[in-house]
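These notes are about the structure you will find just below.
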Amino acid sequence: IPDEEQKFIAAVKAAHDAYDASANDMAKGGTRATRREAICQVIPQGRADSWIGTIKTLSSNGDGKGVLEIELAPDVSVGTWNNAISDIEDNTLLDPKSDVFVTASSMKVGDTIQFSGTFLHSDVDCAKEISLTLEGSMQEPEFLLRFASVSVPTAAAQPQATDQSSQSQPTEQEPPPQQSQESSGAEVSPATVAPASTPTQQQSGDDLSNPETRRATVRTSFDCAQPA
């Protein structure tokens with residue numbers, strides 16, 4: 001946001017707070033004069049150059065001319081008149097053939113917009129404000145602006161473009177390394193395990209499936225059992 005715009009918002013907000021804190025109507029009226037001086041110091045040329053805001057109103061009047069209101073901050077906005085009668089002398093409504101109308105009509109309420117233009121001079125507010133009451137002027141002011149140009153801010157569009165680029169080119173993930181059967185806990189096939197020998201076979205090496213061998217073994221065991 002340009003420095004002048006920030007100072008403009010600060011001056012309007014300070015007057016708003018002073019108005020709310022005033023003890024009586026006389027003091028409330030004095031805050032408007034103080035705001036006029038602050039605004040004239042901030043924008044001595046009465047211009048807004050490349051200011052940034054959010055579209056609040058985007059419509060047309062009965063003659064088809066564009067009505068545009070831009071919010072600079074909560075309860076602070078700039079824009080055109082909304083009817084041809086009020087705009088007879090100020091000429092703020094957007095001509096349908098103008099570049100400002102064509103660009104603005106392609107946008108929508110809530111969009112961020114960059115704009116330049118000229119404030120209408122006022123002896124009461126320095127920059128002409130169109131509220132019907134003192135309270136409205138101090139709490140929710142809308143300043144008249146004759147727009148010279150509008151556009152989409154580059155900074156606002158850049159993050160969206162970056163996001164789309166990253167989504168269209170996803171990074172490939174490497175597949176996880178394959179685990180061996182031993183580390184993964186996979187069961188080993190029974191065919192790969194040699195059957196264990198029985199204790200008797202390992203110690204004697206005799207083939208007990210042979211009947212003669214079984215009888216000799218029993219006989220030897222019986223002889224060893226007899227007392228000497």
Side-chain angles (χ1 to χ4, degrees), residues 1-13 15-16 32-33 35-157:
I1 297 178
D3 183 61
E4 282 189 351
E5 181 180 358
Q6 295 183 37
K7 292 179 178 179
F8 181 87
I9 295 171
V12 174
K13 286 292 189 182
H16 182 176
R32 189 168 190 172
R35 185 183 70 179
R36 178 189 65 227
E37 295 176 2
I39 290 176
C40 283
Q41 290 179 359
V42 172
I43 50 170
Q45 304 301 322
R47 285 191 53 80
D49 292 314
S50 300
W51 286 20
I52 304 292
T54 303
I55 297 178
K56 185 177 180 179
T57 301
L58 195 62
S59 62
S60 61
N61 70 344
D63 298 331
K65 291 187 175 181
V67 176
L68 176 61
E69 181 183 1
I70 299 173
E71 185 179 72
L72 307 182
D75 300 327
V76 182
S77 61
V78 299
T80 67
W81 282 108
N82 60 3
N83 66 88
I85 296 177
S86 299
D87 196 48
I88 289 177
E89 296 182 357
D90 297 327
N91 194 29
T92 63
L93 291 170
L94 307 181
D95 189 324
K97 297 180 181 180
S98 67
D99 292 338
V100 174
F101 183 99
V102 173
T103 303
S105 62
S106 67
M107 304 177 76
K108 64 182 183 298
V109 172
D111 284 351
T112 300
I113 187 171
Q114 186 174 38
F115 63 94
S116 297
T118 304
F119 287 97
L120 282 297
H121 179 73
S122 167
D123 292 335
V124 177
D125 297 297
C126 187
K128 190 172 183 178
E129 200 281 323
I130 61 176
S131 298
L132 298 178
T133 64
L134 173 63
E135 181 179 4
S137 175
M138 300 305 297
Q139 293 189 334
E140 297 181 28
E142 180 183 351
F143 298 92
L144 273 182
L145 189 74
R146 188 178 294 131
F147 289 95
S149 65
V150 296
S151 62
V152 177
T154 304

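Note: hydrogens, waters and symmetry copies are ignored here, and every other heavy atom, side chains too, is used. The first residue of the sequence shown is numbered 1, and numbering continues consecutively from there. Bear in mind the structure is a predicted one, so any value in this text is a computation, not a measurement.
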Find the distance between [atom1] ([X]) and [atom2] ([Y]) and round it off to the nearest 0.5 Å.
{"X": "L94", "Y": "K65", "atom1": "CG", "atom2": "NZ", "answer": "10.0 Å"}
{"X": "E69", "Y": "N82", "atom1": "CD", "atom2": "CG", "answer": "9.0 Å"}
{"X": "K56", "Y": "L72", "atom1": "NZ", "atom2": "CG", "answer": "10.5 Å"}
{"X": "T118", "Y": "D49", "atom1": "OG1", "atom2": "CG", "answer": "8.5 Å"}
{"X": "F115", "Y": "I52", "atom1": "CZ", "atom2": "CD1", "answer": "8.0 Å"}
{"X": "Q114", "Y": "I70", "atom1": "CD", "atom2": "CD1", "answer": "10.5 Å"}

Legend entry - ring-ring contact (aromatic ring centres under 6.0 Å, His included) partners for F119, two or more places apart: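 For F119, the residues satisfying ring-ring contact (aromatic ring centres under 6.0 Å, His included) (neighbours in sequence not counted) are F8, W51.
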Inset, instruction - Can you sort out the partners of Q139 under side chain to side chain contact (heavy atoms under 4.5 Å, CB included), two or more places apart, ordered by chain and number? - result: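 Listed in chain order: H16, Y19, D20, E135.
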Legend entry - side chain to side chain contact (heavy atoms under 4.5 Å, CB included) partners for S60, two or more places apart: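 Partners of S60 by the side chain to side chain contact (heavy atoms under 4.5 Å, CB included) criterion come out as none, since no residue qualifies.
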Partner residues of [X] under the side chain to side chain donor-acceptor pair (under 3.5 Å) criterion, sequence neighbours left out:
{"X": "S105", "value": "none"}
{"X": "S131", "value": "E129"}
{"X": "E140", "value": "none"}
{"X": "E142", "value": "none"}

Contact summary for [X] and [Y], nearest pair of heavy atoms:
{"X": "R47", "Y": "S116", "value": "NH2-CB, 4.4 Å"}
{"X": "A127", "Y": "I43", "value": "CB-CD1, 4.4 Å"}
{"X": "V150", "Y": "T103", "value": "O-CG2, 3.6 Å"}
{"X": "D75", "Y": "P141", "value": "O-CD, 3.1 Å"}
{"X": "S77", "Y": "E71", "value": "CB-CA, 4.0 Å"}

Inset, instruction - Would you mind listing every side chain to side chain donor-acceptor pair (under 3.5 Å) that reaches into residues 90-102, with sequence neighbours excluded? - result: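 Checked against side chain to side chain donor-acceptor pair (under 3.5 Å) - neighbours excluded - the pairs reaching residues 90-102 are W81-D90, D87-T92, D90-K128.
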Sequence neighbours left out, what pairs pass disulfide bond (SG atoms under 2.5 Å apart) with at least one residue falling in [range]?
{"range": "residues 58-120", "result": "none"}
{"range": "residues 56-113", "result": "none"}
{"range": "residues 42-129", "result": "C40-C126"}

Taking the side chain as every heavy atom from C-beta outward, state whether [X] and [Y] have any pair of such atoms under 4.5 Å apart.
{"X": "R146", "Y": "L120", "result": "yes"}
{"X": "L145", "Y": "F147", "result": "yes"}
{"X": "D63", "Y": "L93", "result": "no"}
{"X": "D111", "Y": "T54", "result": "no"}

Inset, instruction - Give a yes or no on whether K7 atom NZ has more than 12 heavy-atom contacts from other residues, nucleotides or ligands under 6.0 Å away. - result: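 Result for NZ/K7: open.
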Legend entry - Derivation of the side chain to side chain contact (heavy atoms under 4.5 Å, CB included) call for D125 and R35: CA-CA 7 Å; D125 297 297; R35 185 183 70 179; 2.9 Å; yes
Inset, instruction - Could you tell me which residues satisfy salt bridge (Lys or Arg N to Asp or Glu O under 4.0 Å) with E4, sequence neighbours excluded, listed by chain and number? - result: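 With neighbours one apart ignored, the set is empty.
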